[in-house]
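Input: a single structure, listed below in C-alpha cells.
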Amino acid sequence: MTTASPYPSGPTAYPTGPSPYPTAPPPDPTGRPYHRMDRTTGRHRWWRAWVGTLLLAVAYFVSILVLFGVSHGLGTALGAPELPDGGADLGPLGNTAMDLVSIAIALPLVLLATLWPARRPAGTVSSVTGRLRIGWLGWCLLAALPPLLLLTVTAFLLPGEPGGSDTWVGLRSFLAALAVLAVLVPLQAAAEEYVFRGWLTQAVGAFVRSPWFAVLPQAVLFAAAHGWGTRWGFLGLLVNGLVAGLLTIRTGGLEAAIALHVLNNLLAFGASAAVVGGLSSDETAADAPWSLALAAMVTDLLYAAIVLWLARRREPQRLSAPAVPPAPYPGPARTA
C-alpha cells in the first residue's frame, strides 16, 4: 500500500515577485533604419534626445567662445588689426581657416553626445553598421564628381556679381590655400552632416517612424543656419538638406551626404581661392541668385539619382543588425 506524497511531483510553478531593480526594455530584435538608431539599444528614454541636444548646443557655444579667445590672443601676438566683430583679422586665408575650424569643432561634440546621454556607440551616428563605411564613401565621391564639376563650370558661365574680382591670385598663394582647404574643408563639411543629417535626424527619429518627419526639421534648420539671403538661396539649401537626409536613410549612413558636401565645398572654396579677394567674401549659398540656386538643385537631384542607382548595384546595408536578446540565466537544477 502506498501513500500519496505531501510534496508535488513534476514541475511546479513558483510565484515570483517583481524584480527590485528596474530594468531597461530589451533591444529591438529587428533591424532599424538609420533615423531610428536610438531605438536599437534598448536604452531609449524620452529625455535623452532633448538633453543631448541641449548639452550639444551649450558645449558648442562654449567651444566657440574659447576659439574666439584663442584667435584674439593669436591676433594680438601677431599685431593683427581687429575685425568689426572684435576678432583678429588674420588675413583672407587665416579668417577662412578660423571659420572652418569654428564649424569643425562640432564633430567631436556630436560623437560625445552620442556616447552620453544617448548611451550608444558613437559609430551609430555614422551608419547603421556602427562605423563610417570608407568603401561606400569612395563610391559616393566618384558619383558626386561629374554633377559638381558641371555645376562649377555652370557657375563660371553665369553672370557674376558686379564688382567681383577675376584676377588670378598667383600659383604660390593658390597652392597654400588649397593645402589649408584640403585639411579643414572635409572636417567642416562632415561636422555639418553629423549635426544635421546625423544627430538631429536621429533625435527626431527617436519619436517618429516616418523618414519624412525625421528629415524635414533638419533640412529647415540647415537652411536657416546659413542665414537669410535670397528666397532662391534658401530654397536651394532646403532641397539640399532634404536630398542629403533622404539619401542618408536610403543608404543607411552619412557617407552619401558627406561626399556631396565635402566635394561641393572643396570646389567652391577652391574656385574662390583662385582669385584675389575670393576668400574675403562673406556670402554663402543662402545668397545665391535664382540661376545658381536652380543649377544647384538640379545638381543635387542628379547626384541623388546616381547614388540610388549605385545603391541598387552595391547594396549598402540599410538597416541595423538585429539585436540578439540576452540568454536567460539558467536557474539551479531541481532534482526529485
Side-chain angles (χ1 to χ4, degrees), residues 48-118 122 125-126 169 172-200 203 218 221-229 237 254 258 261-262 264-266 268-270 272-273 276-287:
R48 292 194 189 279
W50 294 100
V51 172
T53 303
L54 177 61
L55 291 178
L56 180 59
V58 172
Y60 182 71
F61 178 73
V62 173
S63 300
I64 289 295
L65 291 180
V66 173
L67 182 63
F68 181 84
V70 170
S71 65
H72 185 76
L74 180 61
T76 302
L78 296 176
E82 282 193 4
L83 293 169
D85 61 0
D89 187 356
L90 302 176
L93 182 57
N95 293 337
T96 299
M98 294 303 297
D99 290 340
L100 294 174
V101 171
S102 69
I103 299 174
I105 57 179
L107 178 54
L109 298 180
V110 170
L111 299 179
L112 290 175
T114 307
L115 287 171
W116 193 88
V125 77
S126 297
V169 74
R172 184 175 180 178
S173 297
F174 180 64
L175 292 179
L178 283 187
V180 174
L181 295 174
V183 174
L184 296 181
V185 166
L187 297 176
Q188 168 263 328
E192 291 191 30
E193 295 306 319
Y194 271 84
V195 170
F196 292 99
R197 259 63 74 181
W199 175 265
L200 290 178
Q218 62 81 25
L221 291 174
F222 173 71
H226 288 76
W228 182 261
L237 287 167
L254 293 175
I258 290 175
H261 204 152
V262 168
N264 178 75
N265 284 15
L266 279 175
F269 276 108
S272 297
V276 175
L279 292 178
S280 300
S281 175
D282 58 356
E283 291 186 352
T284 69
D287 303 302

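Owing to the predicted nature of the structure, the values given are computational and were not obtained by experimental measurement.
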Backbone N/O of [Y] and side chain of [X]: donor-acceptor pair under 3.5 Å:
X      : Y      : answer
Tyr60  : Ser102 : yes
Thr114 : Val125 : no
Ser281 : Gly277 : no
Asp287 : Thr284 : yes

Original post:
Parallel under 30°, tilted from 30 to 60°, perpendicular over 60°: which one fits the rings of Phe68 and His72?
Top reply: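 Ring orientation, 0 to 90° scale: parallel.
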So which atom in [X] and which in [Y] form the shortest heavy-atom distance, rounded to 0.1 Å?
X      : Y      : result
Asp89  : Ala80  : O-CB, 3.2 Å
Leu55  : Pro117 : CD1-CD, 4.3 Å
Phe196 : Gln218 : O-CB, 3.3 Å
Leu266 : Pro186 : CD2-CD, 4.5 Å
Ala88  : Asn95  : O-OD1, 3.5 Å
Gly270 : Leu181 : N-CD1, 4.1 Å

Original post:
Quick check: are there more than 12 heavy atoms from other residues, nucleotides or ligands sitting under 6.0 Å from CH2 of Trp50?
Top reply: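 No, not enclosed.
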From [X] [atom1] over to [Y] [atom2], what is the distance, rounded to the nearest 0.5 angstrom?
X      : Y      : atom1 : atom2 : result
Leu100 : Leu187 : CG    : CG    : 9.0 Å
Leu254 : His261 : CG    : NE2   : 12.5 Å
Leu83  : Met98  : CG    : CE    : 11.0 Å
Leu78  : Leu90  : CG    : CG    : 7.0 Å
Ile103 : Leu67  : CD1   : CG    : 11.0 Å

Original post:
Side-chain contact, heavy-atom cut-off 4.5 Å: Leu178 with Phe269?
Top reply: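 Sidechains of Phe269 and Leu178: no contact.
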Subject >> Note, Ile258 side chain near Tyr194 side chain (heavy atom, < 4.5 Å) >> reply: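 Yes, their side chains come closer than 4.5 Å.
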**OP:** Under the side chain to side chain contact (heavy atoms under 4.5 Å, CB included) rule, collect the residues that match up with Leu56, sequence neighbours excluded.
**Re:**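 Leu56 satisfies side chain to side chain contact (heavy atoms under 4.5 Å, CB included) with Leu109, Val110, Trp199 once adjacent residues are dropped.
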